[in-house]
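Remember, it's a predicted structure, so these values are computed and weren't measured experimentally. Below, chains carry the letters A, B, ... as their sequence lines are ordered, and counting in each starts from 1.
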Number of protein chains: 2
Amino acid sequence: MASCDKSSKVDVRDLFNALGDNTRRTIMDLLAEHDEMTVKQLSEHFPDLVRSGISKHLMQLRKLNLVYSIKRGREQIYRINPEVVSNVLRPWVKKYEKYWDDTLIRLKQAAESSKRDHDE
Amino acid sequence: MASCDKSSKVDVRDLFNALGDNTRRTIMDLLAEHDEMTVKQLSEHFPDLVRSGISKHLMQLRKLNLVYSIKRGREQIYRINPEVVSNVLRPWVKKYEKYWDDTLIRLKQAAESSKRDHDE
DNA sequence: TCCATGCGTTACTAAACGGTAACCAATTAC
DNA sequence: GTAATTGGTTACCGTTTAGTAACGCATGGA
């Protein structure tokens with residue numbers, strides 16, 4: 001629960017502003033891979049950063065509702081807010097899907113045409 | 001042709017660094033929508049920016065091989081580099097596809113279970 | 001030829017941003 | 001009880017960066 005229900009406020013601008021930083025994007029990628037992680041676990045993936053740095057990035061991600069957290073003992077468990085990914089990232093990606101479709105089609109056509117005749 | 005063949009150098013870091021800026025992401029979105037545009041056409045979508053600003057962003061996008069340009073008369077035609085979108089954006093997106101799949105499944109399950117029993 | 005148009009490029013400045021250090025509160029282990 | 005762990009918060013600093021202004025350079029039309 002918590003701040004997971006304000007996902008309607010997130011726009012594509014916030015999303016990419018967050019993803020524009022390498023550390024934050026890696027945090028998101030790690031959360032996408034492991035489903036849930038503590039700050040400690042996350043910070044172990046960033047040996048060049050002190051933990052407060054990670055915490056600050058998580059603060060931002062939380063404010064933008066890209067992630068949410070629940071408390072368990074003295075640990076804080078972070079998870080990706082799936083609504084945001086589904087409602088913001090997915091529609092944006094749709095605009096670019098034609099490019100990999102086109103690329104596939106083009107590569108296929110090129111492969112086929114080079115099989116038949118390779119005049120050029 | 002031109003600088004379209006160096007797409008192997010682009011990584012996800014460069015991509016999101018570029019997309020992190022609102023102007024650059026909008027430029028990419030416009031190019032994705034219109035296939036090809038001149039600098040003039042692009043700058044008409046940014047009434048708050050002078051043309052040199054757009055040009056600077058395009059310079060960046062070109063250096064990162066996210067777009068390429070060809071000259072036609074005194075105009076410069078810009079297009080998205082489809083290889084980059086296909087080779088960099090697509091693999092990254094794959095990590096997050098499960099979220100909208102999960103969301104769909106979860107919404108479907110919720111709808112079904114609330115049909116049967118809605119005991120909070 | 002002369003002027004307007006379309007772009008690129010270079011300093012420059014003001015603002016934003018990432019990272020650190022230091023401190024705090026809450027929880028767990030001893 | 002005390003000490004250690006976990007992580008949030010704030011102030012601060014150095015760097016980056018977006019946008020502008022001003023210039024140059026072609027191309028196209030008169």
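- Taking every side-chain heavy atom of A:Leu49 into account, C:dG19 is the closest of C:dG19, C:dG8, D:dA18.
- Between the CD1 atom of B:Ile54 and the P atom of D:dA18 there is a distance of 12 Å, rounded to whole Å.
- Straight-line distance from the CG atom of B:Leu58 to the P atom of C:dG8: 7 Å, rounded to whole Å.
- Note: CZ (B:Arg13) to P (D:dT16) measures 12 Å, nearest angstrom.
- Summarising the geometry, the separation between CG on A:Asn22 and P on C:dG18 is reported as 11 Å, rounded to the nearest angstrom.
- Considering only side-chain atoms of A:Ser55, the nucleotide from C:dG8, C:dG19, D:dG7 that sits closest is D:dG7.
- Distance check: A:Thr26 OG1 to A:Asp21 CG gives 8.0 Å after rounding to the nearest 0.5 Å.
- A straight line from CD of B:Gln60 to P of D:dT17 spans 8 Å, rounded to a whole angstrom.
- Using a 4.0 Å cut-off between a side-chain N of Lys or Arg and a carboxylate O of Asp or Glu, A:Asp29 and A:Arg24 do not qualify as a salt bridge.
- Residues A:Ser52 and A:Lys71 both approach DNA chain C. Their nearest nucleotides, taken by heavy-atom distance, put A:Ser52 toward the 5′ side.
- A:Lys40 contributes no side-chain N or O that forms a donor-acceptor pair with the base of D:dG7 under 3.5 Å.
- Judged by distance alone with a 3.5 Å cut-off, no donor-acceptor contact links the side chain of B:Thr23 to the base of D:dA18.
- Nucleic acid contact class of A:Arg72 (heavy atoms, under 4.0 Å, all strands): none.
- Distances from the side chain of B:Arg62 to the nucleotides C:dG8, D:dA4, D:dT20 place C:dG8 closest.
- Under 3.5 Å, the side chain of A:Lys56 and the base of D:dG8 form no donor-acceptor pair of N or O atoms.
- Contact check, A:Arg24 against C:dC17: no side-chain N or O comes under 4.0 Å of OP1 or OP2.
- A:Thr38 comes within 4.0 angstrom of sugar-phosphate atoms only, judged by non-hydrogen atoms across all strands, and of no base.
- Nucleic acid contact for B:Gly53: base, since at least one base atom lies under 4.0 Å from a heavy atom of the residue.
- Put simply, the side chain of A:Val93 does not reach to within 4.5 Å of the side chain of B:Tyr96, judged on heavy atoms.
- The residues B:Lys71 and B:Glu75 are annotated as not salt-bridged, no charged nitrogen and carboxylate oxygen being separated by less than 4.0 angstrom.
- Here the side chain of A:Arg74 is nearest to one of D:dG7, C:dT27, C:dC7, namely C:dT27.
- As a whole-Å value, the separation of A:Asn17 CG from D:dT17 C1' is 13 Å.
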